[in-house]
Amino acid sequence: MSREGVYNFSAGPSMMPEEVLKKAQSEICDYRSSGMSVMEMSHRSAIFAEIFAQTKNKLKKALKVPDTHEILFLQGGATLQFASIPMNLMGTSADYAVTGNFSSLAAKEAEKYGRVNIACNSADRGHSYIPKQSELKLDAGASYFYYCSNNTIFGTEWQYRPETKGVPIVCDMSSDILSKPVNVADYALIYAGAQKNMAPAGLTVVIIDKAIAGRQMSVCPSVMSYDTLIKKDSMLNTPPCWCIYMLGLMLDWLESIGGVGQMEKIKSERAAKLYDFLDNSSLFIPHAEQGSRSDMNITFRTHSEELDALFVKEAASMGLLNLKGHRLTGGMRASLYNAMPMQGVDALIDFMKKFEVEHNAK
Ligand SMILES: *Cc1c(COP(=O)(O)O)cnc(C)c1O
């Protein structure tokens with residue numbers, strides 16, 4: 001199999017635009033006549049310092065990050081942030097909205113460091129929905145309110161930003177960052193593992209209001225202290241240099257297609273097409289409830305596990321890859337991140353239509 005005619009629906013690490021990969025390929029052995037690859041450069045060199053500063057600026061511009069906030073490029077994945085956040089910000093208690101696997105894991109991790117108030121838990125309906133603002137049980141004394149804007153595994157996405165009456169908001173945006181504009185000033189901290197919608201695995205982006213740094217627990221490791229990381233401009237130790245460079249290329253590509261404003265239109269259209277097909281299908285059943293659906297990860301199934309498995313297998317033989325749902329949910333999941341072209345969705349729907357005709361006898 002070659003890349004030609006293949007659409008990769010992986011939930012992460014996920015597909016990147018071919019132009020970005022080609023650009024990286026053209027520079028991989030000799031970055032701009034430096035005589036070396038970005039992978040081989042000192043992170044303290046002038047040439048890498050420029051890549052670092054430019055990537056930061058591009059992200060600042062793409063998301064209109066205000067000067068009150070600092071951008072950090074870190075290692076450890078989103079999962080390390082599950083611990084970093086409470087160690088830095090929790091004080092005595094925090095509110096956690098549990099709407100899927102990753103927010104559940106984050107809440108469990110936070111329990112080691114203080115009191116966790118579960119503001120909501122959508123497990124009662126298989127994490128198929130996002131609770132309404134009026135259903136959130138908020139603690140006015142909480143140090144922060146934590147939520148995950150897009151639930152990668154279950155395929156739900158918050159369609160609103162929770163109102164917390166002044167309690168700082170922390171958000172895991174790993175799987176929908178850069179898919180639409182966000183008002184960064186509304187958040188005390190936004191973070192995202194890069195491998196869903198930004199860059200290769202190994203980079204975690206944190207966007208933090210500088211005013212909330214400096215409250216870390218005394219046992220907080222230096223490499224997890226936001227205060228220290230801000231002061232060191234993400235270079236307390238070696239940052240994920242190659243991934244930072246790749247993020248720069250991804251941001252150039254995003255700008256070339258019109259930025260996050262244009263991406264919001266594209267991703268909405270892309271997802272609407274697939275949901276429309278699912279809603280009218282006599283075979284496929286969408287998982288997420290109307291009004292809570294993710295535009296990034298679309299989860300669905302048929303009436304039988306055997307048929308689901310057959311679907312995934314036959315789809316793969318047609319070049320429609322990685323459609324198997326997460327082990328927690330079963331069924332199927334089509335991840336439609338920024339790099340997925342509309343042709344990929346069209347090819348998927350065409351295949352689903354054929355499969356539906358062949359297997360419709362229930
Ligand atoms: C993938 C994912 C994570 C975990 O990311 P790692 O980088 O593997 O730690 C956390 N949150 C969300 C929303 C994700 O999609």
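All values reported here derive from a predicted model rather than from experimental measurement. First listed ligand is number 1; within each ligand, the first listed atom is number 1.
Annotation: Tyr245 is in aromatic contact with Tyr31 [ring centroid separation under 6.0 Å]. If you look at Phe351 and Phe311, their ring centroids are closer than 6.0 Å.
Of the heavy atoms in Thr79, both backbone and side-chain atoms come closer than 4.0 Å to ligand 1. When non-hydrogen atoms are compared, ligand 1 lies under 4.0 Å from neither the backbone nor the side chain of Ala11.
Of the possible donor and acceptor atoms, none in the side chain of Arg270 sits under 3.5 Å from a partner among the backbone N and O of Met296.
Looking at atom 4 (C) of ligand 1, its nearest protein heavy atom turns out to be Phe102 CE2, 3.6 Å. Closest to atom 2 (C) of ligand 1 among all protein heavy atoms lies Lys196 NZ, 2.5 Å. The protein heavy atom nearest to atom 8 (O) of ligand 1 is Gln195 NE2, 3.4 Å. Given atom 11 (N) of ligand 1, the protein heavy atom at minimum distance is Asp172 OD2, 2.6 Å.
Backbone and side-chain nitrogen or oxygen atoms of Ala78 are examined, and one is located within less than 3.5 angstrom of a nitrogen or oxygen of ligand 1.
Here is the list of ligand 1 atoms found below 4.0 Å of a heavy atom in Thr152: 12 (C), 13 (C), 14 (C), 15 (O). Interface atoms of ligand 1 facing Gly77, defined by a heavy-atom separation under 4.0 Å, are 7 (O), 9 (O). In the vicinity of Cys148, heavy-atom distances shorter than 4.0 Å reach the ligand 1 atoms 13 (C). Near Asn150, the atoms of ligand 1 lying under 4.0 angstrom from a non-hydrogen atom of the residue are 13 (C).
Using a 4.0 Å cut-off between charged nitrogen and carboxylate oxygen, Lys56 and Glu70 count as a salt-bridge pair. At a threshold of 4.0 Å, the pair Glu18-Lys22 counts as salt-bridged, since one of the basic side-chain nitrogens sits closer than that to a carboxylate oxygen. At a threshold of 4.0 Å, the pair Lys231-Asp227 counts as salt-bridged, since one of the basic side-chain nitrogens sits closer than that to a carboxylate oxygen.
Taking the ring centre of Tyr226 as origin, the terminal cationic atom of Lys232 falls outside the region bounded by 6.0 Å and 45° from the ring axis.
Under the rule for a side chain to side chain contact (heavy atoms under 4.5 Å, CB included), the partners of Val312 that lie at least two apart in sequence or sit in another chain are Lys324, Met332.
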